[in-house]
K.L.:
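My questions will all concern the structure given below.
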Amino acid sequence: MHALVTGGSGFLGRYLVERLTARGDHVRSMSRNPPDDLAATNVEVIRGDIRDGAAVGEACRGVDAVFHVAALPGVWGDAGEYHDINVVGTKNVLAGCRAHGVGKLIYTSSPSVVFDGRSHSRANESLPYAETFLCAYPQTKALAEQAVLAANGIDGLNTVALRPHLIFGPRDPHLLPRVVQRAAAGKLRRVGDGTNKVSVSYVENVADAHILACLALSPTAACAGRAYFINEPDPVNLWDFINDVLRRAGTPAVTRSISAGAAWRIGGALESVYRLLRLRGEPPMTRFMASQLSTSHWYDVSAAVRDFGYDPQVSLEEGLRRTETDLRRWAAAR
């Protein structure tokens, strides 16, 4: 097929591009700052911003499927920028798909769209969207996901949304490097009582899930117009997982802790200070982070297994093994 991957030079996007090209598909990648080596992999590279509706429309010309991976992640930042990239950018993708007769749109969402601050244990897709959000990222991802699912069946476009949770793996620029570097600097504390379980997702399994959803997607497919959790089938104890990561990185384990309530109060105070003084960077703790680090949030993937054959090929242990070289590099780069 002819496929467009927005954010094709990002963490998940790059793996998805590689998986598609390995299948023999023609792949077009759109991103703001594509690396020089991407064009050398027989990928059609487009430099562009998803906030630019005309550029997005042109990128959608002549493709069968769009994998909309590009987004602004994070737990802190300008709400307007999050809205422009995550919501307006997604609406530009939808408009481009409709304008050029694209048949399939696979949207990369997030479980944070349903995170309400309470523990979720073996939760499924019946969870409603959160009524309130502690930061702009989950709020804008929820708005974008709703727009994508509402577009299913209009003008011949079939849509599906995938919600991968805590993606990790080699070349990770977000999650594990921050954990390892904060621990190496002695700035990481366990939040809560240390019993909370979470879902994690190895990046190659997530890329495969996107392709499986795309192949299954059709006007009559069970997955059309629906959202799915994507993660490893079994949860991990968050702090045992973090300490295993730190062991593989050659970094001391987390031994000091802070209560969930104290972390919440500190996060709220730091948010106020950063807003009032317009400080640059990200607060070392926020209320969203305090909630995520102290509660359980793990999800049932049986709907993805049933509806489009999700079947993680790389085990958690193997995924961590493949990431070890990068873990040691991130620890040394603190």
Side-chain angles (χ1 to χ4, degrees), residues 4-17 29-35 38 46-57 59-60 66-96 105-115 129-130 132-149 161-169 171-179 201 203 206-207 210 227 230 267 271 274-275 278-284 286-289 291-292:
L4 167 66
V5 180
T6 69
S9 62
F11 177 37
L12 172 60
R14 186 65 183 264
Y15 278 96
L16 183 52
V17 165
S29 170
M30 180 180 184
S31 53
R32 285 185 292 177
N33 298 295
L38 191 58
I46 296 178
R47 184 183 299 273
D49 192 314
I50 60 171
R51 291 172 289 187
D52 182 342
V56 173
C60 290
V66 173
F67 295 86
H68 181 30
V69 184
L72 178 62
V75 299
W76 188 254
D78 180 70
E81 185 177 18
Y82 275 97
H83 185 271
D84 288 346
I85 294 174
N86 294 346
V87 181
V88 176
T90 298
K91 290 181 177 179
N92 287 339
V93 171
L94 287 167
L105 172 60
I106 301 85
Y107 173 65
T108 308
S109 186
S110 164
S112 63
V113 302
V114 298
F115 183 66
Y129 292 105
T132 59
F133 296 92
L134 293 172
C135 59
Y137 174 71
Q139 182 177 30
T140 53
K141 292 295 284 186
L143 291 171
E145 181 184 286
Q146 290 174 80
V148 167
L149 299 183
L162 304 187
R163 300 168 174 173
H165 195 37
L166 298 180
I167 306 175
F168 76 94
R171 306 193 306 235
D172 177 2
H174 303 300
L175 179 64
L176 293 190
R178 296 181 63 184
V179 169
S201 311
V203 63
V206 176
H210 280 68
I230 298 294
E271 289 176 37
Y274 270 66
R275 287 195 184 97
R278 298 182 179 180
L279 299 179
R280 294 184 178 182
E282 180 182 295
T286 67
R287 292 171 298 161
F288 181 79
M289 290 170 59
S291 295
Q292 285 275 296

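Scope of the values below: all heavy atoms of this structure, side chains included, with no hydrogens, waters or symmetry mates. Everything numeric here is computed off the predicted structure, so don't read it as measured data.
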K.L.:
Side chain to side chain contact (heavy atoms under 4.5 Å, CB included) with Leu162: which of Val206, Ile106, Thr108?
P.N.:
Ile106

K.L.:
Can you tell me how far apart CZ (Phe11) and NE2 (His174) are? Round to the nearest 0.5 Å.
P.N.:
8.0 Å

K.L.:
Restricting to non-hydrogen atoms, name the atom on Phe115 and the atom on Ala130 that form the minimum distance, rounded to 0.1 Å.
P.N.:
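Where Phe115 meets Ala130 most closely, the heavy atoms are O-CB, 3.5 Å.
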
K.L.:
When rounded to the nearest 0.5 angstrom, what is the spacing between CG in Leu279 and CH2 in Trp76?
P.N.:
9.0 Å

K.L.:
Quick one: does any side-chain atom of Tyr15 pair with a main-chain N or O of Gly10 as donor and acceptor, under 3.5 Å?
P.N.:
no

K.L.:
Using 0.5 Å steps for rounding, measure from the CG atom of Leu12 to the CZ atom of Arg171.
P.N.:
10.5 Å

K.L.:
Show, in sequence, the C-alpha distance, side-chain angles and deciding distance for Cys135 and Thr286, and conclude whether the side chain to side chain contact (heavy atoms under 4.5 Å, CB included) test is met.
P.N.:
CA-CA 9 Å; Cys135 59; Thr286 67; over 6 Å; no

K.L.:
Applying side-chain contact (heavy atoms from CB on, under 4.5 Å), name anything that partners Arg178, two or more places apart in sequence or on another chain.
P.N.:
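For Arg178, the residues satisfying side-chain contact (heavy atoms from CB on, under 4.5 Å) (neighbours in sequence not counted) are Glu282.
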
K.L.:
Got a donor-acceptor contact below 3.5 angstrom from the Arg14 side chain to the Gly8 backbone?
P.N.:
no

K.L.:
How many angstroms lie between CD1 in Ile167 and CD1 in Ile230, if you round to the nearest 0.5 Å?
P.N.:
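With rounding to 0.5 Å, CD1 (Ile167) is 10.0 Å from CD1 (Ile230).
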
K.L.:
Just do the salt bridge (Lys or Arg N to Asp or Glu O under 4.0 Å) check on Glu145 and Lys141 with the steps written out, would you?
P.N.:
CA-CA 6 Å; Glu145 181 184 286; Lys141 292 295 284 186; over 6 Å; no

K.L.:
Going by side-chain contact (heavy atoms from CB on, under 4.5 Å), name the residues that satisfy it together with Ser112, two or more places apart in sequence or in a different chain.
P.N.:
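Testing Ser112 for side-chain contact (heavy atoms from CB on, under 4.5 Å), a comparison that skips the adjacent residues, returns Ser110, Tyr137, Pro138, Phe288.
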
K.L.:
How far apart are the closest heavy atoms of Ser109 and Pro164, and which atoms are they?
P.N.:
O-CD, 3.7 Å

K.L.:
What residues, two or more places apart in sequence or in another chain, satisfy side-chain contact (heavy atoms from CB on, under 4.5 Å) together with His165?
P.N.:
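Partners of His165 under the side-chain contact (heavy atoms from CB on, under 4.5 Å) test: Pro111, Ser199, Ser201, Asn231, Gln292, His297, Tyr299.
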
K.L.:
To the closest 0.5 Å, what do you measure between OG1 (Thr140) and CD (Glu81)?
P.N.:
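Result: 10.5 Å between the selected atoms.
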
K.L.:
Considering non-hydrogen atoms only, spot the tightest contact between Asn86 and Ala144 and give its length.
P.N.:
O-CB, 3.2 Å

K.L.:
Under the side chain to side chain contact (heavy atoms under 4.5 Å, CB included) rule, what do Ser9 and Asn33 come out as? Steps first, then yes or no, please.
P.N.:
CA-CA 8 Å; Ser9 62; Asn33 298 295; 5.9 Å; no

K.L.:
What distance do Asn92 atom CG and His68 atom NE2 have between them, rounded to the nearest 0.5 Å?
P.N.:
8.5 Å

K.L.:
Of all the heavy-atom pairs spanning Val93 and Thr6, show the shortest one and how long it is.
P.N.:
CG2-CG2, 4.4 Å

